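Everything below concerns the one structure shown next.
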Amino acid sequence: MGWKISQSPKVDTVYFAPGNGGTTNNIDISVENIASLAKFASENDCITIVGPEAPLANGIVDEFQKKELQIFGPTKSAAQLESSKVWAKNFMKRNGILTARFEVFENPKEAKEYARSVDFPLVVKADGLASGKGVIVCDDSTDVISAIDKILVQKSFGAAGDKIILEERIDGVEASYIAISDGTVAYPMATTQDHKRIFDNDKGPNTGGMGAYCPTPVIDKKTADDIQKNIIEKTIASMKKEGNPFQGFLYAGIMLKDGKPYVLEFNVRMGDPECQPIMVRMESDLYDYIKAGIDGNLSVLPGIKWKDQSAVCVVLASKGYPDSYPKNEEITGLETQDKNSYVFHAGTKRHDGKILTNGGRVLGVTALGGTLEQAIKNAYTRVDKINWPSKYFRTDIGKKGLT
Ligand code: AMP
Ligand code: GLY
């Protein structure tokens, strides 16, 4: 988003807090330090865009609004769509938004009894934020029992796992649908498909996302209209009606089954890595949409324009992610220039003139192409030029879109 918005003629300087090895104008303030961020934004006449979920869940928007600072994102209360899965599921249930049937538990014994009593496969979810790792998709009751123990007994996700959801597993085709809203209307961003599992062919544990492409053929026009009307607009209208208006990026994680879109989860921000292919395809000025989103007059703008190309982002991670992985390894090959591709940094830092790894997901190599096939080729060509000892990536990003 910073890369995209810096291209706007209406923007002087883009600051990043705390930033990484790929960003300039880094401000050494952590996302938890809301008071210092507000002071910086005030002194530098900033409009603030919130990237990750944690500061939104901590009420950064509420604090900035109290100080009359311009900020784009949902309030703490509206951010519950992501920060509490129990809250989100109950919201969907009371507003008739299609989602998998579910039950909520705090007691492991009761959860296990329920698990043994149902005759459909289950997914176990921690209530709170867990960096995309708090969901365990189960094949049988042994998996379910160990997932219940992991979250409710061993407390692997801390207080985020004080409550769990057991919900029906929906086996279908997954896609991401992201819209931008000013609290009243919502405009769709381009459709995408993430690759959540760590290994090729969607094997292994869930991650924050290992790659994404845009647009995706799995959301055809009819399905897109259905999602826009019956999920996105219904959510925005229901939030407003409940006195909890939602301003920001609204991300619906969708499972398509028998032509029907089920909401698996909401995120209250851009997706990562979905954001990268969306941004490189976006023709319109992102600043205009953010500003109108803050001012509550999105409806005066036309729909967002997109490049008539495909885009793919391949995430380069450090081996061991989503569990433990090494850090501080030097990344080489970043100097290559290529007009079809971009290297967006995530977990990196600058040290002594070098770029070092500093997180699980390290880089998002993102390419455009005339076709999806070409975009995939362009992305992997660039991927091959970049190296560090623990570099790991999936080799099948975008393949699902070709069939
Ligand atoms: P979430 O964090 O809720 O998006 O869940 C992470 C991932 O788990 C999703 O992207 C899906 O791949 C999978 N998942 C979540 N809920 C379900 C479900 N009810 N049925 C099947 N897979 C699911
Ligand atoms: N890629 C999914 C997410 O950002 O949560």
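The structure displayed is predicted, hence computed values, not measured ones. Just follow the structure's listing: the first ligand is 1, and inside any ligand the first atom is 1. Hydrogens, waters and symmetry mates are skipped; everything else that's a heavy atom, side chains included, is used.
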Below 4.0 angstrom from a heavy atom of [X], which ligand 1 atoms are there? Numbered from 1 as shown, please.
X      : value
Lys196 : 10 (O)
Lys85  : 1 (P), 2 (O), 3 (O)
Arg169 : 20 (N), 21 (C)

Using heavy-atom distances, let me know which of [options] sits nearest [atom].
atom                    : options                        : answer
atom 7 (C) of ligand 1  : Val263, Leu166, Asn206, Ile254 : Asn206
atom 12 (O) of ligand 1 : His195, Glu174, Met255, Lys125 : Glu174
atom 23 (C) of ligand 1 : Asp194, Leu264, Asn267         : Leu264

Point to revise | Min N/O separation Glu167 to ligand 1 under 3.5 Å | key: yes
Check your understanding: Does Val135, backbone or side chain, put an N or O under 3.5 Å from an N or O of ligand 1?
Key -> no
Review point. Using a heavy-atom cut-off of under 4.0 Å, does the side chain or the backbone of Asp171 touch ligand 1, or both, or neither?
Key: neither
Taking [atom] as the reference point, the nearest protein heavy atom with its distance:
atom                    : result
atom 20 (N) of ligand 1 : Ile170 N, 2.8 Å
atom 13 (C) of ligand 1 : Val137 CG2, 3.7 Å
atom 5 (O) of ligand 2  : Arg269 NH2, 2.9 Å

Side-chain donor-acceptor pair under 3.5 Å between [X] and [Y], yes or no?
X      : Y      : value
Asp194 : Ser176 : no
Thr395 : Asp200 : yes
Asp226 : Thr223 : no
Glu242 : Asn95  : yes

Salt bridge or not between [X] and [Y]? Use side-chain N to carboxylate O under 4.0 Å.
X      : Y      : result
Asp202 : Lys400 : yes
Lys4   : Asp285 : no
Lys125 : Glu265 : no
Lys221 : Asp225 : yes
Glu233 : Lys240 : no

Review point. Can the ring centroids of Tyr392 and Tyr325 be said to lie less than 6.0 angstrom from one another?
Key: no
Check your understanding: Do Phe105 and Tyr114 have ring centroids that are under 6.0 Å from one another?
Key -> yes
Which atoms of ligand 2 have any heavy atom of [X] under 4.0 Å away?
X      : answer
Gly271 : 4 (O)
Asp194 : 1 (N), 2 (C)
Lys196 : 2 (C)
Gly208 : 1 (N), 2 (C), 3 (C)
Asn267 : 3 (C), 5 (O)
Glu274 : 1 (N), 2 (C)

Check your understanding: What is the ring orientation for Phe393 with Tyr380, classed by angle as parallel under 30°, tilted 30 to 60°, or perpendicular over 60°?
Key -> tilted
Check your understanding: Could a heavy atom of Ala212 be found less than 4.0 Å from some atom of ligand 2?
Key -> no
Check your understanding: Hey, does Arg197 sit under 4.0 Å from ligand 1 if you only count heavy atoms?
Key -> no
